[in-house]
Asks: 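Just passing along the structure, written as structure tokens.
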Amino acid sequence: MTIAWRLLGFCGLWLIFTGWNPGSWMIGVPSVLLATWAYGQLVGDSRAPSAARTLGFVLFFLRESVRAGVDVASRILRPRMRISPGFQTYRMRLADPSARVLFIDSISLLPGTLSADLVHREEIRVHALDATLDLAPELADLERRVGRLFGEELTKEKHGHV
Amino acid sequence: MTAGLLLLFDLVLVTTLVGLAIAALISPDLRRAVMLFIAFGLWLALVWARLRAPDVALAEAAIGAGLGGALMLAAARRAARRASANGGIDAEGGEA
Amino acid sequence: MEILLETVSLLLVGAGAFFFAVGTLGLVRLPDLFCRLHALTKADNLGLGLVIAGLLPWAADPFLALKLVLIWLLVMLSGATGSYLIAKRALRGDGEDLLE
Amino acid sequence: MSEIFTAAAVVLVLTMAAGLVRVVVGPTPADRMMGVQLIGTTGIAVLLLLGFAFEMPALADVALVFALLAAVSVTALTRRRVGQDRS
């Protein structure tokens with residue numbers, strides 16, 4: 001079942017690249033098969049998120065990236081820049097590999113935070129433009145949303161600030 | 001209106017392109033020269049796009065800046081390593 | 001209707017150009033490598049997203065529109081992953097030719 | 001509409017030229033690479049704007065290559081140091 005979805009996805013991708021051109025499938029079919037095989041080799045089995053949840057996450061993500069851009073712009077544009085950079089550590093609880101990658105990448109697009117390093121498979125070192133604030137609640141919220149996207153329910157209490 | 005804008009666009013593009021080429025040529029540090037070369041390749045691709053030649057721009061971006069840049073980066077790294085092994089005096093890239 | 005679309009498009013592209021300019025300013029102005037990464041990832045992704053959003057209504061066919069969205073997704077993915085890689089190597093100091 | 005797109009492209013090329021300062025002064029190769037990435041991202045926007053101003057959709061393909069290229073050059077730069085040289 002997952003194989004069929006991946007095949008369909010790569011076919012769609014090829015369609016986007018080349019437009020509606022039947023001749024292009026001479027190269028397209030082998031490429032799609034190769035890409036599906038390579039994807040299966042690289043990425044283990046991971047639950048596919050549902051469409052409704054993906055839409056919800058995309059909306060949240062767009063809102064957050066606008067907030068992040070405005071935040072960084074307002075900090076840079078002050079004559080005396082309002083920054084006190086530093087590092088904080090956050091303990092990640094997600095288990096699904098795709099969810100972990102998505103979480104680490106999304107941190108970098110969230111306001112004021114940048115994922116810098118992953119230690120011992122669960123501790124993320126986060127660089128913040130304003131390290132005087134406690135980042136843990138916001139990161140825990142993002143983590144819960146990413147977890148829900150991949151069908152992994154995280155409890156609300158004891159978000160892991162180290 | 002558009003013609004004037006395009007003239008301005010061309011002026012900025014050409015001035016910076018020549019500046020980048022000179023900076024890449026006279027740079028004493030090899031890796032800096034490679035970085036400038038990658039930037040030069042991207043810039044040249046923009047010039048080809050401006051001249052309405054998307055196929056040439058495609059080739060320039062993929063081969064000139066991408067593949068060429070990555071290979072030259074590896075070559076500069078190897079040169080620096082050899083220079084530091086030789087005492088770091090002779091080769092120009094050897095800042096050791 | 002046409003006028004409305006043009007105005008929205010103009011505003012979006014203008015805002016995108018503004019965020020690109022801010023990203024460049026941040027890259028030149030901010031004091032250290034990690035802060036510059038912040039400016040690079042966030043301001044540029046938002047700028048590109050706004051420019052693409054402004055261009056979308058003028059796309060001739062749906063495939064082109066989808067291609068634009070795909071470009072934005074790719075830039076976000078490579079931007080976030082690239083900044084993670086640079087920050088990690090810089091933090092651990094074991095990048096082969098990052099810092100010297 | 002194409003005047004607006006061209007004007008935006010001019011503004012973006014000017015910011016790209018300003019970003020070149022970071023490529024030239026460094027101080028570390030990582031900073032230079034960030035300057036190159038900035039040029040890549042802004043260049044994508046310029047290419048798309050030009051493509052719409054000139055009505056040449058093929059320029060979107062060039063923009064796609066730019067996007068892939070940024071990933072390649074960053075990965076080439078962030079190789080981990082292997083044991084043999086200077087500890």
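The sequence lines fix the lettering, A, B, ..., with proteins before strands; numbering per chain opens at 1. Computed from heavy atoms alone, side chains included, the values below leave out hydrogens, waters and symmetry copies. Here the structure is a predicted model, which is why all the values come from computation and not from measurement.
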Asks: Tell me, out of D/Val25, D/Leu64, D/Thr75, who's got the most heavy-atom pairs with chain C below 4.5 Å.
Replies: D/Leu64
Asks: Could you measure the distance from the CD1 atom of C/Ile86 to the CG atom of D/Leu77? Nearest 0.5 Å is fine.
Replies: 7.0 Å
Asks: Relative to chain D, which of C/Leu64, C/Ile71, C/Leu55 shows the most heavy atom pairs under 4.5 Å?
Replies: C/Leu55
Asks: Quick check: closest heavy atoms across C/Leu33 and D/Ala30, and the distance to 0.1 Å?
Replies: CD1-CB, 3.7 Å
Asks: Is chain D contacted by the side chain of C/Val28, its backbone, both, or neither, given a heavy-atom distance below 4.5 Å?
Replies: both
Asks: Quick one: closest heavy-atom pair of C/Leu40 and D/Gln37, and the distance?
Replies: CD2-OE1, 3.6 Å
Asks: When rounded to the nearest 0.5 angstrom, what distance separates OG1 in D/Thr41 from CG in C/Asn45?
Replies: 7.0 Å
Asks: If the test is side chain to side chain contact (heavy atoms under 4.5 Å, CB included), which one of D/Val46, D/Leu38, D/Thr42 qualifies with C/Phe20?
Replies: D/Thr42
Asks: Work out which heavy atom in D/Ala67 is nearest to a heavy atom in C/Leu74; give both atom names and the distance.
Replies: CB-CB, 4.3 Å
Asks: Given heavy-atom pairs under 4.5 angstrom as the criterion, report whether the side chain, backbone, both or neither of C/Ile52 touches chain D.
Replies: side chain
Asks: Please classify the contact between D/Phe66 and chain C as side chain, backbone, both or neither, with a heavy-atom cut-off of under 4.5 Å.
Replies: neither
Asks: Do you know which two heavy atoms are closest between D/Val11 and C/Ala17, and how far apart they sit?
Replies: CG1-CB, 4.4 Å
Asks: Using the side-chain contact (heavy atoms from CB on, under 4.5 Å) rule, take D/Phe52 and C/Leu68 through it: C-alpha gap first, then chi angles, then the decisive distance, then the call.
Replies: CA-CA 12 Å; D/Phe52 277 77; C/Leu68 296 190; 3.8 Å; yes
Asks: Which heavy atom of C/Ser78 sits nearest a heavy atom of D/Ala70, and at what distance?
Replies: OG-CB, 4.4 Å
Asks: Quick one, D/Arg22 and C/Thr24 - any side-chain contact, counting heavy atoms below 4.5 Å?
Replies: no
Asks: Which one, D/Leu14, D/Leu48, D/Val21, leads in non-hydrogen pairs under 4.5 Å with chain C?
Replies: D/Leu48
